[in-house]
Amino acid sequence: MMKLPAYAVALMPSVLLASLSGTFGASAAQAESRALPSVSMEATVKAAQIDPRRPDNTLTPGAKAGVLLVEQALRDRKLLDAKWVDGYFGTTTVAAYAKYQKSLGLTGLDANGLPGKMSLAKLGTGRFKVTAVLDPGPRVPFGGFVVNTRTRDMLAEAKRLFGRGFKLDQGSYNPSGDPTSAGTHDGGGVVDISVKGMSAATRTAAVRALRQAGFAAWVRNPRQDDWPWHIHAVAISDTSLSGQAQHQVGDYYLGLNGLAGRAPDDGPKVTIRTWEERRRR
């Protein structure tokens with residue numbers, strides 16, 4: 001049997017103690033994480049799009065518990081008055097969340113009032129853990145324009161459902177683009193699609209495929225405004241949406257057409273699902 005040197009024997013207790021301390025520390029951290037309540041980012045972001053557009057205080061299904069935790073954290077940071085801690089992610093909560101994002105040094109689309117992956121995780125430190133994380137991904141070229149990877153993947157799925165590709169007339173992240181877009185293309189998740197050569201039935205089929213892939217989508221025509229025939233599509237729950245695009249998503253959920261007049265939806269009826277919900281089917 002080999003005998004250990006004296007210095008090694010002397011070190012053994014401290015090494016063992018350090019090892020055990022590390023094990024216990026990791027276990028304690030894991031236990032603490034398990035003990036924290038959860039906030040579904042998917043449900044919370046959905047509420048932040050729909051609730052500000054509601055005519056009443058109806059809560060978004062499945063979002064109340066998470067929204068309450070977010071609102072409580074904003075209240076404790078003196079960004080939201082206690083009377084607004086109600087599980088309803090309305091305009092006041094969106095504005096408070098935008099202030100919180102700005103307090104982190106975020107600007108532009110990163111401070112749009114929709115909970116982002118980084119900001120929500122920071123807000124939840126020691127309070128809640130974030131599940132069902134959303135991430136629009138980096139910007140990438142697509143059809144001569146710029147979109148993000150989530151939008152690109154959604155368009156690919158819509159193409160599969162439609163049976164043919166889409167030609168873009170306008171992409172995302174385009175604040176100096178067509179002024180008739182009213183800011184909807186300033187952020188991510190939004191594209192305009194050419195309908196040149198399409199019949200009315202084909203246009204409807206294209207919108208249906210886009211909706212099934214997780215877009216709020218409509219056929220736009222010259223009678224509505226100073227624009228040519230095209231399809232306008234907004235990726236539901238893209239956390240880089242401009243404020244105007246957020247409103248269009250909320251209106252879509254409420255059965256409206258996404259325009260300023262807030263007329264009834266004129267597109268094909270489908271079960272509304274986000275991209276993530278579709279992928280889990």
**Item:** Q224 side, atom CD; D266 side, atom CG - distance, nearest 0.5 Å
**Value:** 6.0 Å
**From D238 atom CG to L134 atom CG, the distance as rounded to the nearest 0.5 Å** = 9.0 Å
**Request:** Examine L74 and M41 and state if one hydrophobic cluster contains both, with Ile, Leu, Val, Met, Phe, Trp and Tyr joined whenever side-chain heavy atoms are less than 4.5 Å apart.
**Result:** yes
**Request:** Answer yes or no: is there an ion pair linking E277 with K46, defined by an N-O contact shorter than 4.0 Å?
**Result:** yes
**Short N-O contact, D192 and R220, less than 4.0 angstrom** = no
**Request:** With the side chain counted from C-beta on, respond yes when T131 and V39 share a heavy-atom pair under 4.5 Å apart, and no when they do not.
**Result:** no
**Request:** Establish, from distance only, whether the side-chain atoms of D169 and H230 form a donor-acceptor pair under 3.5 Å.
**Result:** no
**Message:** With a 4.5 Å cut-off on side-chain heavy-atom distances among I, L, V, M, F, W and Y, is there a chain of contacts connecting V207 to I272?
**Reply:** no
**Request:** May I ask you to say whether E276 pairs ionically with R279, meaning some side-chain N is under 4.0 Å from a carboxylate O?
**Result:** no
**Prompt:** Just wondering, do Y252 and I50 contact through their side chains at under 4.5 Å, heavy atoms?
**Reply:** no
**Message:** I'd like to know if L69 and L59 are part of one continuous hydrophobic network [Ile/Leu/Val/Met/Phe/Trp/Tyr, side-chain heavy atoms within less than 4.5 Å].
**Reply:** no
**Asked** Between Y253 and R53, is there a cation-pi geometry (under 6.0 Å to ring centre, at most 45° from the normal)?
**Response** no
**Asked** For the side chain of W229 and the backbone of V195, is there at least one donor-acceptor N/O pair under 3.5 Å apart?
**Response** no
**Message:** Any side-chain to backbone donor/acceptor pair from T204 onto A200? Under 3.5 Å, distance only.
**Reply:** yes
**Asked** Could you give the distance from CE (M154) to CG (L210), rounded to the nearest 0.5 Å?
**Response** 8.5 Å
**Message:** Between R150 and D153, does any side-chain N to carboxylate O distance fall below 4.0 Å?
**Reply:** no
**Pairwise side-chain contact, N174 with D186, heavy-atom cut-off 4.5 Å (strictly under)** = no
**Request:** Check L106 against A111 and note the closest heavy-atom contact, atom names and distance.
**Result:** O-CB, 3.8 Å
**Message:** Treating Q212 as the side-chain partner and A158 as the backbone partner, does any N or O pair qualify as donor plus acceptor under 3.5 Å?
**Reply:** no
**Request:** Specify the closest pair of heavy atoms between W227 and L259, including all atoms of both residues, with the distance to one decimal.
**Result:** CH2-CD2, 3.7 Å
**Item:** side chain to side chain contact (heavy atoms under 4.5 Å, CB included) assessment of E157 paired with R278
**Value:** CA-CA 10 Å; E157 174 63 3; R278 176 173 181 80; 3.0 Å; yes
**Request:** State, to 0.1 Å, how close G62 and A43 come at their nearest heavy-atom pair, and which atoms those are.
**Result:** O-CB, 3.7 Å
**Asked** Are side-chain heavy atoms of Q246 and N112 found at a separation under 4.5 Å?
**Response** yes
**Message:** Give me the atom names and distance for the closest heavy-atom approach of A235 to T151.
**Reply:** CB-OG1, 4.2 Å
**Ring geometry between Y97 and F89 (parallel below 30°, tilted from 30 to 60°, perpendicular above 60°)** = tilted
**Item:** Nearest atoms (heavy-atom pairs only) where D51 meets T60
**Value:** OD1-OG1, 2.6 Å
**Prompt:** So, the side chain of D226 versus the backbone of T180: is there a donor-acceptor pair under 3.5 Å, distance only?
**Reply:** no
**Request:** Would you please test Y100 and L104 for side chain to side chain contact (heavy atoms under 4.5 Å, CB included) and show each step?
**Result:** CA-CA 7 Å; Y100 163 64; L104 299 177; 3.6 Å; yes
**Message:** Any heavy-atom pair between the side chains of L36 and R127 that's under 4.5 Å?
**Reply:** no
**side chain to side chain contact (heavy atoms under 4.5 Å, CB included) partner of V190, the single match among H185, Q170, Q244** = H185
**Message:** Assess whether a salt bridge exists between R262 and D251, defined as any Lys/Arg side-chain N lying under 4.0 Å from an Asp/Glu carboxylate O.
**Reply:** yes
**Prompt:** Between W275 and F215, is the gap from one ring center to the other below 6.0 Å?
**Reply:** no
**Message:** Looking only at side-chain N and O atoms, does S240 offer a donor or acceptor that is under 3.5 Å from a partner on Y173?
**Reply:** yes
**Asked** Do R273 and R281 come within less than 4.5 Å of each other through their side chains, counting heavy atoms only?
**Response** yes
**Request:** Give the ring-plane orientation class for F166 versus F162, where under 30° counts as parallel, over 60° as perpendicular and anything between as tilted.
**Result:** parallel
**Prompt:** Taking atom CZ of R211 and atom OG1 of T271, what is their separation to the nearest 0.5 Å?
**Reply:** 11.5 Å
**Prompt:** Can you get from V234 to V270 by hopping between Ile, Leu, Val, Met, Phe, Trp and Tyr side chains that sit under 4.5 Å apart?
**Reply:** yes
**T149 side chain to R139 side chain, donor-acceptor N/O pair below 3.5 angstrom** = no
**Item:** Charged N-O contact under 4.0 Å between E42 and R280
**Value:** yes
**Asked** Between atom CZ of F145 and atom OG of S172, what is the distance when rounded to the nearest 0.5 Å?
**Response** 10.5 Å
**Euclidean distance, L79 CG relative to Q101 CD, rounded to 0.5 Å** = 11.0 Å
**Prompt:** So, T184 side chain and A245 main chain: donor-acceptor pair closer than 3.5 Å or not?
**Reply:** no
**Message:** Looking only at side-chain N and O atoms, does Q72 offer a donor or acceptor that is under 3.5 Å from a partner on D76?
**Reply:** no
**Asked** Do L254 and Y88 share a hydrophobic cluster, counting only Ile, Leu, Val, Met, Phe, Trp and Tyr and linking them when any side-chain heavy atoms are less than 4.5 Å apart?
**Response** no
**Asked** Does NZ or CZ of R75 lie under 6.0 Å from the centre of the six-membered ring of W84, at an angle within 45° of the ring axis?
**Response** no
**Prompt:** Within a strict 4.5 Å, meaning less than it, do heavy atoms of the L123 and V70 side chains meet?
**Reply:** yes
**Asked** So which heavy atom on G188 is nearest to which on L109, and how close?
**Response** N-CD1, 4.4 Å
**Prompt:** Does atom NZ of K78 have more than 12 heavy-atom neighbours from other groups under 6.0 Å away?
**Reply:** no
**Prompt:** Between the side chain of S181 and the main-chain N/O of G183, is any donor-acceptor distance below 3.5 Å?
**Reply:** no
**Request:** Applying side chain to side chain contact (heavy atoms under 4.5 Å, CB included), run through D265 and W218 and close with a yes or a no.
**Result:** CA-CA 8 Å; D265 181 23; W218 302 271; 3.1 Å; yes
**Message:** Between V140 and N148, is the side chain to side chain contact (heavy atoms under 4.5 Å, CB included) condition met? List the steps.
**Reply:** CA-CA 5 Å; V140 293; N148 57 49; 5.9 Å; no
**Request:** Answer whether the closest heavy-atom distance between the side chains of R208 and L161 falls below 4.5 Å.
**Result:** no
**Message:** What I want to check is whether the side chains of H232 and Q248 have a donor and an acceptor closer together than 3.5 Å.
**Reply:** yes
**T44 side chain to S40 backbone, donor-acceptor under 3.5 Å** = yes
